[in-house]
Amino acid sequence: MAPPAQIPSLDIDPFDDAFLAAPYTFHGALRDAGPVIWLKPINCFAMARYAEVSASLKDWQTFVSGRGVGMTDFATDTPWRPPSLLLETDPPVHDRTRGLMNKVASLSSLKTAMPQWCAKAEILVDRLLGQRVDGVRDLGEQFPLSVFPDLIGIREEGREHLIPYGTTAFNGFGPRNRLFEEAIANAAAASAAVMESCRRENLAPNGWGMKVYEAADRGDCTPEEAERLVRSFLTAGLDTTVNGIGNMLHAFAQHPDQWAKLRADPSLAKKAFEESLRWDGTVQTFFRTTSRNVPLPDGHIPAGSKVILFLASANRDPRQWERSEEFDISRSSSGHVGFGFGIHQCLGQMVARMEAEALLKAMIPRVREIRLVGKPVRRLNNTLHALASLPLQLLAD
Ligand code: 4IA
C-alpha cells in the first residue's frame with residue numbers, strides 16, 4: 001500500500017524485536033517525523049506525539065474502538081477471541097457496560113481491602129529482604145497474584161493460566177508476527193481455564209466477579225455479557241500490574257537517587273508510581289480505527305484506517321514534558337496517558353495504584369537500596385513493555 005501523499009513515511013516496524021526491546025530509542029524519530037506518519041512495514045498510520053495521541057483518544061466518535069484496538073480490523077478479519085464488551089466497543093453499548101463495571105470496581109471496596117494488601121506486602125518484603133530476588137517473579141508477579149484474584153473472587157484452580165492468558169491477549173493486539181502467531185497457537189488451554197473461572201458457579205460470593213452477575217440480575221446486562229465482562233477483569237488486570245510493578249522497580253534500581261528521595265519523603269509514593277507509568281508504562285501502544293475522513297493540514301486519513309497510537313512515546317514527548325527523558329518522582333506527571341485517556345481510560349487504575357502503593361509502603365521503611373545485581377532480561381510482547389527477569393538485591397535498612 002502506498003502512503004497517502006504528503007504524509008511522512010517511515011521504514012520503522014514497531015513490532016520487530018529491536019523496537020519491542022528498546023522502544024524509547026525509536027520514539028524520537030517517530031515524533032520528529034510529523035504529527036501523523038505512515039509506517040511502511042506495517043502499512044499503518046501512526047501518532048507518537050502527546051497532542052495527537054491524547055486528542056485521538058478523546059475523540060471516540062472519530063477514532064473508534066469497535067473495530068478492535070489491535071492491528072486486526074474486526075470489520076474485515078475475525079478476532080482471535082470474542083471481542084471485549086468494554087475495550088472493543090463504542091457507545092452506546094460501551095456506556096452501559098462501563099457504567100455497570102464502574103459500580104462494581106468501587107473505590108470503597110478497594111479501601112476495605114487496602115489494610116490486608118498492606119499486611120501482605122509487608123510479609124512479602126520481610127521475606128525477601130537482604131536476598132537476591134527476581135523483581136518480576138518474586139514481587140511483580142507474586143504481589144498482584146496474592147491480592148487480585150481474590151478481589152475478583154475466582155477459585156484457586158486455574159490461576160496459573162491468568163498471566164499467560166494476559167500475555168496472549170496483549171500479543172494478540174499486534175500484527176500477525178511471530179509473537180502473535182505463537183500466542184494464538186498456544187492460547188487454547190489458558191483461554192478455556194480463564195473462561196471457566198468467569199462462570200457464576202465458580203465465583204466467590206463477595207468478589208467483583210459475582211457483583212457483575214448481580215448487575216445482570218438487576219437487568220444491567222445479560223448473563224452472557226456478565227461472563228465476558230468478568231473476562232475483562234482477568235485479561236486486563238494482571239499482566240499490566242505485574243509489569244507496572246516490574247518497570248517501577250527497574251526504574252528505581254536505575255535511579256538510586258530517586259529511591260533515596262522517596263525514602264526521605266514517603267508521601268511521594270503515589271506520585272512515584274505515576275511517574276514510573278509516564279516514564280516506562282507497561283501498555284505501549286493501542287490502535288483505533290477512523291470512522292470518517294480525518295482532515296490534516298496536508299491531505300487526510302481516509303475513513304476505515306487503522307491508526308496506531310504510541311502512548312509511551314506521548315508520555316515522553318518533549319513538546320509536552322520538561323526533561324521528558326528524566327525519571328523524576330517529584331515532578332507532576334498528571335496527564336500522562338499510561339492508563340489511556342477519554343471514555344476508555346483504565347477501569348482498574350485504582351487497583352493498580354493501590355497495589356503499587358501497598359508495595360511501596362512496605363518497601364520504603366525496610367529497603368535502603370534496590371540494587372541491580374544482574375542484567376535484566378526483556379520479555380518481548382506486542383503491546384507490553386515487559387521484563388522476563390529483573391535480578392535485584394533488596395538491601396535492608
Ligand atoms: C478487556 C488495555 C488493556 C489493559 C485491556 C485489555 C483487555 C481488556 C481491557 C483492557 O478484555 O476488556
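Since the structure is predicted, the reported quantities are computational estimates derived from the model, not experimental observations. We count ligands from 1, going down the list as the structure has it; atoms in each ligand are counted the same way.
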I need the nearest protein heavy-atom contact for atom 3 (C) of ligand 1: residue, atom name and distance, please. F170 CE2, 3.6 Å
Tell me, which protein residue and heavy-atom name are nearest atom 10 (C) of ligand 1, and how many Å apart are they? A236 CB, 3.5 Å
Specify whether [X] and [Y] have parallel, tilted or perpendicular ring planes, treating 30° as the upper limit for parallel and 60° as the lower limit for perpendicular.
X    : Y    : value
W279 : H255 : perpendicular
F19  : F26  : parallel
F233 : W208 : tilted

Taking 4.0 angstrom as the limit and counting only heavy atoms of [X], give me the atoms of ligand 1 inside it, by number and element.
X    : value
F286 : 2 (C)
T240 : 4 (C)
S232 : 1 (C), 11 (O), 12 (O)
S84  : 1 (C), 11 (O), 12 (O)

Nearest heavy atom to atom 11 (O) of ligand 1, choosing from R81, E88, H344, belongs to R81
Does NZ or CZ of R316 come closer than 6.0 Å to the centre of the six-membered ring of W321, within 45° of the ring's axis? no
Please assess Y24 against H385 for the test ring-ring contact (aromatic ring centres under 6.0 Å, His included), listing each intermediate value before the final yes or no. CA-CA 10 Å; Y24 301 105; H385 200 220; 5.5 Å; yes
What part of Q349, side chain, backbone, both or neither, has a heavy atom within less than 4.0 angstrom of ligand 1? neither
Can any side-chain N or O of S313 pair as donor or acceptor with the backbone N or O of G28 at less than 3.5 Å? no
